[in-house]
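Basis for what follows: all heavy atoms, side chains included, without hydrogens, waters or symmetry-related copies. Heads up: numbering here begins at 1 and tracks the sequence.
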Amino acid sequence: MRLSGRSRILLRAAVAVVLAFIYIPLIVIAIYAFNSSNLLEWPPPGLTLHWFPDAIKSGDARDAFVTSLKVGAAATVVALLLGTLASLAVARHRFFGRETVSFLVILPIALPGIVTGVALSDTFTQILGVSLGLITVIIGHATFCIVVVYNNVVARLRRSSASIDEASADLGADPWQTFRYITLPTMRTALVAGALLAFALSFDEIIVTRFTIGAGQETLPIWIFNNLFRPNQIPIVNVVAVIVVLLSIIPVYLAHRLTREEEGVAGGRAAGSVVTEATATP
């Protein structure tokens, strides 16, 4: 579709406004990380790298970082297992209530985090009598990480033909062989992209975490929140926030690249099939 010169200018201006709205606050945080003063002043009186070694040496921040890695990795594994099973059931089988199941799987990510946190906390402590700890945090994170994996995998499965699985069965392959050699390669990049996004989502989560974590335990977002109101910790908090932003970019970028590459391959295959059909038509 061709746009007029005026339309292109308006479109570029709109994109610039959106990007500025999203990224200017992050740029402000990045500038404050180099602030020579331990007070929030704008503009900063000077720039320094002094706070970066202090942030790296902070034992509490390191422990919180390791805790976030553990929770994110475990929640991602749970989300991969359950999200993949749910997507296979919905995309490859027909049964009563299939669309309802699909709706219920994606619903948790649309619920307010505070509602999910309160519901999980009450269930663990009042109904099940379980003490809050890392296990309850992992379960809480998995409830919304499943949605990311499910959406990626079910979209990929719906774009691929189920007849391939049927052909595999007709040729004598058992269900496990069909899954290993046909289904899994088909959804492999979707699984990786979903896992990366799920980990990034878990790593940065704070609301559900506050309701499900045990006393004396902190993930990195909880550590940032707890130290944000301590004047002597503000510069270190800014540095840690910048590090978190940089680390969060990695899985999101990789997931984006995987998705784009897979779309490009799928588009190439579709174009090739069209050309083949056109040339085969007399």
Side-chain angles (χ1 to χ4, degrees), residues 55-56 58-88 105-106 108-109 111 113 116-117 120-121 123-124 128 130-156 179-180 184-185 187-227 239-259 262:
I56 296 174
S58 175
D60 292 340
R62 286 202 307 270
D63 292 341
F65 177 74
V66 172
T67 300
S68 288
L69 289 179
K70 292 178 180 178
V71 171
T76 300
V77 171
V78 175
L80 275 174
L81 177 61
L82 299 182
T84 301
L85 292 175
S87 62
L88 286 171
V105 170
I106 65 176
I109 204 168
L111 294 176
T116 302
L120 289 170
S121 179
T123 301
F124 289 135
L128 301 178
V130 177
S131 299
L132 298 180
L134 289 185
I135 297 298
T136 56
V137 176
I138 291 169
I139 295 173
H141 285 198
T143 59
F144 53 82
C145 288
I146 288 174
V147 182
V148 179
V149 175
Y150 172 81
N151 280 339
N152 276 272
V153 177
V154 79
R156 180 63 49 78
F179 175 78
R180 180 181 178 184
L184 184 59
M187 62 183 185
R188 182 169 49 208
T189 54
L191 285 172
V192 175
L196 290 170
L197 291 175
F199 180 83
L201 192 62
S202 172
F203 190 86
D204 296 337
E205 213 289 323
I206 183 172
I207 299 177
V208 173
T209 307
R210 287 188 63 84
F211 285 94
T212 55
I213 200 166
Q217 296 175 320
E218 290 181 319
T219 60
L220 196 57
I222 295 293
W223 181 89
I224 292 175
F225 182 82
N226 290 338
N227 288 271
V239 172
V240 172
V242 170
I243 294 174
V244 169
V245 170
L246 294 176
L247 291 177
S248 299
I249 290 173
I250 297 173
V252 175
Y253 172 76
L254 292 176
H256 176 71
R257 284 292 302 272
L258 284 171
T259 304
E262 186 63 26

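Counting only distance, with no hydrogens or angles, the side chain of Thr76 and the backbone of Gly72 share a donor-acceptor pair below 3.5 Å.
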Task: Criterion side chain to side chain contact (heavy atoms under 4.5 Å, CB included) on Phe65 and Ile243, from CA distance to verdict - done: CA-CA 11 Å; Phe65 177 74; Ile243 294 174; 5.8 Å; no

Open item on the list: Test side chain to side chain contact (heavy atoms under 4.5 Å, CB included) on Val148 and Asn152; report intermediate values, then the result.
Closed with: CA-CA 6 Å; Val148 179; Asn152 276 272; 3.9 Å; yes

TODO: Report the C-alpha separation of Arg156 and Ser87 in whole Å, then their side-chain angles, then the decisive distance to 0.1 Å, and conclude whether the side-chain hydrogen bond (donor to acceptor under 3.5 Å, both in side chains) test is met.
DONE: CA-CA 10 Å; Arg156 180 63 49 78; Ser87 62; over 6 Å; no

Task: Audit row: Leu220, Thr67, side chain to side chain contact (heavy atoms under 4.5 Å, CB included) steps and yes/no - done: CA-CA 7 Å; Leu220 196 57; Thr67 300; over 6 Å; no

- [ ] Could you check Ile222 against Ile206 for side chain to side chain contact (heavy atoms under 4.5 Å, CB included), going step by step and ending with a plain yes or no?
- [x] CA-CA 6 Å; Ile222 295 293; Ile206 183 172; 3.7 Å; yes

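Of all heavy-atom pairs between Phe211 and Gly117, the closest is CB-O, 3.3 Å. A pairwise comparison of heavy atoms in Ile109 and Val147 identifies CG2-CG1, 3.7 Å as the closest pair. Closest non-hydrogen pair, Ala75 versus Ser202, comes out as CB-OG, 4.0 Å.
In this structure, CD in Gln217 is found 4.5 Å from CG in Leu134, a value given to the nearest 0.5 Å. A distance of 12.0 Å separates CD1 in Ile135 from CD1 in Ile213, rounded to the nearest 0.5 Å. Distance CG/Leu82 to SG/Cys145: 11.5 Å, rounded to 0.5 Å. The distance from the OG1 atom of Thr212 to the CG atom of Leu120 is 6.5 Å, given to the nearest 0.5 Å.
For the pair Thr209 and His141, the minimum side-chain heavy-atom distance is below 4.5 Å. The shortest side-chain heavy-atom distance between Phe203 and Thr219 does not fall under the 4.5 Å cut-off. The side-chain heavy atoms of Met187 and Thr84, taken from C-beta on, include a pair separated by under 4.5 Å.
By the neighbour-count criterion of 12 heavy atoms within 6.0 Å, atom CG of Leu132 is densely surrounded, having more than that number from other residues, nucleotides or ligands.
For Asp204, the side chain to side chain donor-acceptor pair (under 3.5 Å) test picks out Ser248, with sequence neighbours left out.
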